[in-house]
Every structure is written in structure tokens, then in C-alpha cells.
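First the structure, in the form of C-alpha cells, and then the observations on it.
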Amino acid sequence: MTDALPKTYDPVGTEARWQRAWESSGAFHPDPGAAGEPFSVVIPPPNVTGSLHMGHGFEAALIDAIVRFQRLRGRNVLCLPGTDHASIAVQTLLEKQLKAEGTSRHELGREAFLERAWQWKAHSEGTIKGQLRRLGYSLDWQRERFTLDEGCSAAVVEAFNRLHEQGLIYRGEYLVNWCPASGSAVSDLEVEMKEVDGHLWHFRYPLSDGPAANGRTHLEVATTRPETLLGDTAVAVNPADSRYADLVGRTLTLPLVGREIPIVADDHVDPEFGTGCVKVTPAHDPNDFAIGQRHDLPLITVMNRDGTMNEAAGRFAGLDRFEARQAVVAAMEAEGFLVRVEPHRHSVPFSDRGKVPVEPLLSTQWFVTAEPLAARCRDALDHPAGAAPRFVPERWEKVYRDWLTGIRDWCISRQLWWGHRIPAWFVVSETGGAITDSTPYVVARDEAEAMAKAEAQFGGGTHAHPVVLEQDPDVLDTWFSSGLWPFSTLGWPETGAADLQRWYPTSVLVTGFDIIFFWVARMTMMAGALVAEGGGDPAAWMPFRDVYIHGLVRDENNRKMSKSAGNGIDPLLLIERYGADALRFALVREVAGAGQDIRLDYDRKSDTSATVEAARNFANKLWNATRFALMNLGGETPASLGEPDATLLQQEGRPLQLADRWILSRLARVNGETAERYASYGLGEAAKGLYEFAWNEVCDWYLELSKRRLQVPAELEGPAREAALADQRSARQVLAKVLQELLVMLHPLMPHLSEELWHGLSGEPDATFLALQHWPQADDAALDEALEASFAELIEAIRVVRNLRAVAGLKPAQPAPVQFVTGRGELAALLQEATADITALTRAESVAVLSPDQLEVSRGGAGGQRRALAGVCGELQVLLPIEGLVDLDALRGRLEKDLAKAEKEIKGLAGRLANPNFADKAPPAVVAECRANLAEAEAQGELARKRLAELG
RNA sequence: GCGCGAUUAGCUCAGCGGUAGAGCGCCUGCCUUACAAGCAGGAUGUCGCUGGUUCGAACCCGGCAUCGCGCACCA
């Protein structure tokens, strides 16, 4: 960097340069053997379904801020990237493509289809990696993983085998959520309830053996799904319902089908709802399935897997389920069984991915027994040493715990091709070469092991035929492999793996609340079963110490940004316009507390964002502040200048001025606060604090105050020159130190800009990175609360002068005399010490600090100052004796405003003090403060009145 | 139905017991050699409604309303 820096910061070239430098030097590729306490994060692997949107950018900004901070703190940091194969999502996407091409996966065949899926993966992964790099994410690309890569796949096979050995995986025929669109079972979590305007059809089911004692000839049932009546195997009533007590045990004749079905009594039925009679279709409804089990009812499946009716549906066979609904209703009506139809709003389960209603369908699937795994996780939350994991914000712990309580078994098989093939082999030689529900199977690590197991069990002896195996064609739920992510990526099941030893458990998981069940809970459950190896302290096996839950990015209309909603914004669009640092800073700065959603304002017509633009302006501000420093440090660096010593005062030879001591105190305080905020996930607060410090304190005040000291007039000679040079040097030292430290503190949020400016300032070679420096030790000796308070008063005094000048309509360049009047000795001393600063910042012609007595004397003498412009702040009276230049009306207006303000304050404070309870019960300090404020306000009001009177 | 969150300046949001804040936008002056992506000054609020606790409530507690989210779900 040279002295001739451009006036505006150009992020695009700079960012690319540092991204290349960091990566090619292996800056973020840690050695497990290196020193430093380990700190590790595995990133939530994005799906290889295309590209990333702003939500990913937001998450990246948060994670990177955390890991970069920890790196600066000297930790041995690993931040491991990767992607997820997203079984259903990718397969759906590919099938859509194939359909558009007029073909299908079945026409292509499994092998060719998978070939294509891998091509797609390579394409999508390339896009995603490009995006992550452009964000400046400090990832270890050499450790990049993919859920379907060799190592992760081996981990999946091992996990499946171990869980099976532990008796936690079973195969069985149950009602599952069947998604006809993808042709696969899905888990409970992949089902979304949606409110739909439907109908409630009331039907009559006649008693088969004649009228009841009370003359009743039929029962009336209601349903939202008439097509399922073809599979009814009972009608249920509440056992306590006296209306039907005598009918329990008798039978009804199912219309259209003619089947005799029993009337059963079951607690599930709410006698208050409808007629109190419920048709029971155990093979097509989860509640009915449960009733069916209790009453040992037959299961009659009337649908095929593609959502059409099957042979059991008789004359309706072949119809789509929704066509069948119409047809059944029409037939019921024609045959006189339809009582009435009423509109009915109700919830319908939809498949998350397929966007069609799921069909509860009886099928044979693989399941994970969830309760024992969940129990271990619940215990970890109640561990005496503290909840594991620790949720930030805390409230999410309850959400996590509630889900783990009363958990249902997890259906893990999917009738898809893209994914981890289930490591189970059917011994088809036992069932005539075909896979049926009764075909025996073996679970194994590979085919050879499967064969050995199968031969031991089924070979030789009485079996004359050779053992023939066929691997289960299904794949596992994507979340099965995602559940292993924190340890499969580090080398598990190889427990001796160096990375696993060094970085497991990981330090923090950063993710959105929308996948606490899908992913967070699955990881903790998997770790409990696979890593814990028999329990123990959860701190040893829980895959992360903390879980930091962030909110979602919403668009300008407060809608969640997502690809499916079509409102996602490509982060690259904003990066190209404003720079990655600006985008990152804008996103993080929006975070309040934690876990709150953020709204990114964005104009889709112009692709602009006021929020990001403000962050870009901040970057430019820092750029220019550093540019100013480079122009004024005389070619020196922070290192060559050395540390300023805040404990030495001007008289003792090192001319540290008021402003120096003030900014060094502020710096030390901001350093401590910022470190604390970063460490406790207060990222938004850290960003806001640094923004305010950099802009409102360093740039607006310190930098302005340093200007007059950085220039030593050529005409100075002798001791005066010596003094000016010494003062210049200390201003240089302080300026250099403050800026350099500020850049380090900003680095986690704005890595490229800070890296660039830090190099410019420090003159360090390109190969030395700010990213790998140490967080500066806060100089606690520089902290001076009283000084900070005094300086705030000084700033206020200068503001009043500026305000008066503005009211008077003085041209900025026009000098004017300034008088301060105060009876407070230490305030007078402060103003006296800062005379040169005040002069510089207010264009003062002269600065006088007077006591009230002195003022009276001077006014009595000169006589011509009665119409001075006057203002007050605190106990300080500020006068601009510039009669003749002043607009009297403006002057009066200003004074009236002061007076009104003072009177309003007096009223409030006096009211409070007049309440006897206040003096009695409020803390003495508060009462004293109130009295002081009242006295001050009264003094202010008095002054204003007096000046107004003088104006006549 | 149960639970969670939100409701503060025109907009986006801080503040969470002691006299209401920021950024953007708006108004008025300034091209003052770090920055016009800037500088200086200014205006702007019955802090959703309603009870209560307290000397004192935007802040704590109870209701209500509106918006959003999660879980469960009666055919």
C-alpha cells in the first residue's frame, strides 16, 4: 500500500486477493499436533441442490466471526466445510429434469441415474464452494467432506451395523407416511400439516342383522376421506356412550362393499363430536391403525403406492385417490347412504418435498428405536455438571427437550436411489429368488461379511440350494448420515484418528431453529449411541458443547427466504455490489440478542440494499481513517513508533494529552467488551459496539483532535519545535495503536478489509496474516472512568458551541469568540486544558473560561456583550459574544427552547421529590441525583430567563 | 388446544426498573486536503390496549388484541 491510496475502497479485487492468499498458504488448515486449546466447528453442510441463498450467507457470517475470533485468541481452530447429498431433494430435482427430457429414472436404470446424480453434485458443489469462498469463510478446504464420500459412507455402514447389533434398528410392517410424488416413505418430520378447506361427508352404515331394540336401523359416520371407507373394518363408539352401548358387538354392513364390520368400543372416540361414531380404516389412518391394534381388526389396504386404488377397492380400482373420492361419494349418494355434506376446514398432512398429501400406508420399512437414544439425551440435559449441550438462547432447550419426550420411532428407509444403500442383504434363496416381507436378511459391513453370516445361518445342512444374496435396494434417510456429521467428518469410526482425538467434541454448533429436530437431536442421539459407548459424562460424547441457534433471514415482506418460495437472494449479487465484508457486517449487525429473525431490506428492482450500503459506507470510513493515518505517520508503523504510555503525563516528558488518555481508555474498554461479546455469541452487539467506537469516537473525535498535532509548522524553532515534535510523536503512537487494535477487533466481522488495512498500517509482509495474529491484550491501566465522563462533558460543550454557531447562521469558516462560564472548578480546569482542542473544533477566535463572578465583572466593564448568543449544558453556560452578527430572533428562539426544556424537567423532578414516599423509599443515591438534577435544571432555567430579559 | 416469539420515531431495529436511543429516510448549512459512500446542526414517539406490583414501569406480573412460528390434532 502506498501513500497514494484511492479515496474509496474497492472491495472486489481486495477480497479475491486475500482469499487466494489465505487458502494457498494453508492459513486455515490446522495441525492437530499444534499448540493451543482446540476449538472446532463443523459447518451445517448445505444441500447440493443448487446454490446458496442469504440464509446460508448469514450463517456463514456468524460462524466465521466466531471461529476467526477464537483463532485470534490463540486457539487451535478447525472449521470444517462440507456438503450434504440431500437424498429426496436432489432426486426430486433430477427426476423433474428427466421428465422434461421425456425420460425417467426407471428408463435410465439405477447406475446411469446415479452417474447423473454425481455429475449434478459436482456442479452444485462447485457453485456452493465458490459462494462460500467469496464470503471469506475461513474454512479448512483440505478437510472438506461430503455426506456420501467414502469416509462418511463407511461411517454410515458402521453406524447402521452397530445400532442393529444394539437392537436399536428393526424392520417391520407399519403405517408410514407415504409420499406418492416421490414414491417413498418419509419420516414424521418430513410431513407438514396444512389447513385445507374440505368437506365432512355424513354416511349411513346399516346394521346387518336388523333394527336395534330402539328401532335404530343404522349408524351415521362422518369422514373427510370417503375413498377410505372401502378399507373400513369397523365402526367405533366411546365405551361410555349410552346411546350405542347396546350396539357394541353387533355388526354393520359396509355400503358399496358389503363387508360385515363390527361395532367396537374405544376410548379414542369423542362422543361430543358429530354423531359419536367413527369409521375405522386401520390401513389408512394412524388413529384407526391404533384402534385396529387394540381390537385386533384386519388391515385392508385399498391403495397402490402411486396413489391409485387397488383391487381391494373393487369397482373403484385404478382410479386416482382423489377421483375415487368423487366416485365413492357419487355411488353412496346414488345408493342412498349419503346423509349430508358440510364444508369443513381441517388439517391435511403434506409431504415436505413432494408438496402432495401424504398417504398413510402399510409398508415394511426400517426403523430406529428412538426412545433409549432420546432418554440418554434427556439425561444429558439434566446432568449435574450442566446441560449438554448448552443452548444459546436458552429457550431452545425446551423445544429440544419436548421433542425428545414422547418421541416416536424413526423410519429410516427411503425408496430412492440417491443415498446410502442400506447395508442389509436379503437371503433371496430362501424365498424363491424374490424379496418379500418374509425374506430373511443379514446386516453386515459388506457383501462378503453378509455372505459369511448368511452361509452360517442358511447354508449347508438341510438346505440343498446355494445361498443367494440381494442387497436391500432402498437407501437411508439423509438425516441418518447427517446425524453422524460431527464425528464422521473427523475420522470416526477410527477412534484413534488424530482429528477426532483433537477436535471432538466440537465446540459449538451454529444452526437455525428449523432443524433442531431434524438434525441437532439426531446428532446428539447418534453420538449417544455410537460415541458414548456405554454412557458416561455427556461432555465426553455430546458432539458439541454449545448450540447457538440463529434466526432466519426474512425478505423485505417479512417472508422467510428460501429457494422454494422463490424469494431467495443470491449473496453474490450483494457481494459484487458492496463487498463481502459489507454484506457480512450488515447481516451480523442486524442480530439482536440471539435467535431473532433478521429482515434484510432489499430492492429487487435495483438489487440494492440500504442496510448493506450502510455497512459498505462503514468499510469506506475505515479505509479513509487508515488512509489518513498513513498520510500522517511519517512512514512509521505501530511497531516502530512503540507503545504510548498512558500513565505518563505531559509534564513528565511524554506529552500524552487529554484526548490521548481518553481514547486509550475507551480503547481498553471497548477491547474488553468486544472480546466478552464475541466469546458469548453477542455478535450483533460486538458489531454495533465497534461501529460506534470506530465512527463516533475514533473518527469523529480523536482523529479530528489529532490533526493539529500531527502537523508541525515548519517555522517552529528551538524548544517549541522540540515540544511540537514530541506531541506529534505521541499523537502518532496513539493513532497507530488505536487503528491497529481496532482492525484486529473488526477482523472477525470484516476479514478482508481489516487484513488489507492492517498490512498497510503495519507494513508486514503479505505472507504474515492478520487472521493469525493475537487479539491485543486490553490495557487495563489506561481505563479511566472519570476521564471518560469528563471528556463526554467536553464533547457536549463543543456541541453547544457548534449549535449556537448554527443558530446564529455563522459561516463555517468564520471565527467567533467563545466564553464558558462555570462555577465548577474541575470542569473549568478541563476546559482550560482543552482550549486548543476547542479552538480547533469550533473555529473559535478565542476561548475564555470564566467563573460566574468574573463574568459579571467583564460584563460590567465592557458593557457591549449583553446580547451574546447563549446556551447551556449541564452546569455550563456557553456564550458567543458576537453582537452585531446575530439574528436576535434566532437568539431568542434558542433561549426559549432552553427555557422550555428546563421547565419541563423541573416540573418532572420537582413532582417526584414532592412525593414523600419517594424520599423515604428510593435509594439515597437516586434521591441525591434527582436533587442535583433539579438544582441544575433550575439553574439552567434561571440563566435562560435572565438572558431573555436582557434581550428586552 | 398447548407452547414460543414479536408489538418502541416514516422504515429496520436497540434498550428490559430510575428524566426515550441508533441506522436509514427527512429538513438546514457546508466540496473544512482522510472520507459528499462525507462533515456540522436540526425535527420526529400517549414505547399495541388494559388492569396490577412499585416511591417510580417501555422494562416486572395478570388479562386482552394483532402478527409470526412451533407442537399436537376430532372422524
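Below, chains carry the letters A, B, ... as their sequence lines are ordered, and counting in each starts from 1.
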* To do: For the side chain of A:Val926, starting at C-beta, report the closest nucleotide among B:rU19, B:rG18, B:rU12.
  => B:rG18
* Asked: Between A:Lys621 (NZ) and B:rC35 (P), how many Å, whole number?
  -> 10 Å
* Consider the side chain of A:Glu692, meaning its heavy atoms from C-beta on, and name the nucleotide among B:rC35, B:rA22, B:rG41 that approaches it most closely. => B:rA22
* Go through the N and O atoms of the side chain of A:Arg616 and the base of B:rA37, and report whether any donor-acceptor pair is under 3.5 Å. => yes
* Asked: A:Asn177 CG to B:rA72 C1': how many Å, rounded?
  -> 15 Å
* Asked: What pattern of brackets, bars and dots sums up RNA chain B from 5' to 3', given Watson-Crick or G-U wobble pairs under 3.5 Å, [ ] for crossing pairs and | for another strand?
  -> ((((((((.[[[[.)..(..]]]].(((((.......))))).....[[[[[..)....]]]]])))))))....
Name the pairs: protein N/O against N/O of nucleotides 53-59 of chain B, kept only if under 3.5 Å.
| from | atom 1 | to | atom 2 | distance (Å) |
| --- | --- | --- | --- | --- |
| B:rC55 | OP1 | A:Lys921 | NZ | 2.7 |
| B:rC55 | O4' | A:Asn917 | O | 3.4 |
| B:rC55 | O2' | A:Asn915 | ND2 | 2.8 |

* Asked: Roughly how many Å is it from CD in A:Glu195 to C1' in B:rA72, rounded to a whole number?
  -> 13 Å
* Asked: When all nucleic acid strands are considered with a 4.0 Å heavy-atom cut-off, which category describes A:Thr8: base, sugar-phosphate, or nothing?
  -> base
* How is A:Leu703 classified with respect to the nucleic acid when contacts are heavy atoms under 4.0 Å: base, sugar-phosphate, or nothing? -> base
Identify each atom pair where a protein N or O and an N or O of nucleotides 65-68 of chain B are less than 3.5 Å apart, giving names and distance.
none

* Asked: Between B:rA40 atom C1' and A:Gln814 atom CD, what is the distance in whole Å?
  -> 16 Å
* Whole-Å distance between B:rA22 P and A:Lys688 NZ? -> 14 Å
* To do: Tell whether A:Glu704 reaches the base of B:rA34 with its side chain through a donor-acceptor pair below 3.5 angstrom.
  => yes
Distances under 3.5 Å only, N/O to N/O: pair up the protein atoms with those of nucleotides 23-33 of chain B.
none

* Asked: Checking all strands, does A:Cys699 fall into the base, sugar-phosphate, or nothing category for heavy-atom contacts under 4.0 angstrom?
  -> base
* Answer with base, sugar-phosphate or nothing: what part of the nucleic acid does A:Thr224 contact at a heavy-atom distance below 4.0 Å? => sugar-phosphate
* To do: Looking at every strand, decide which applies to A:His344 at a 4.0 Å heavy-atom threshold: base, sugar-phosphate, or nothing.
  => sugar-phosphate
* Please report, rounded to the nearest Å, how far the C1' atom of B:rA34 is from the CD atom of A:Gln711. => 12 Å
* Nucleotide by nucleotide, 5' to 3', does protein get under 4.0 Å of the base (B), only the sugar-phosphate (S), or neither (-) in nucleotides 1-9 of chain B, counting heavy atoms? -> --SSSS---
Output side-chain donor-acceptor pairs under 3.5 Å for residues 905-912 of chain A, partner residues at least two apart or in another chain, one line each.
none

* Asked: How are the rings of A:Trp403 and A:Phe517 set relative to one another: parallel (under 30°), tilted (30 to 60°) or perpendicular (over 60°)?
  -> parallel
* Structure fact -> Between CD1 of A:Ile598 and P of B:rC13 the distance, given in whole Å, is 10 Å
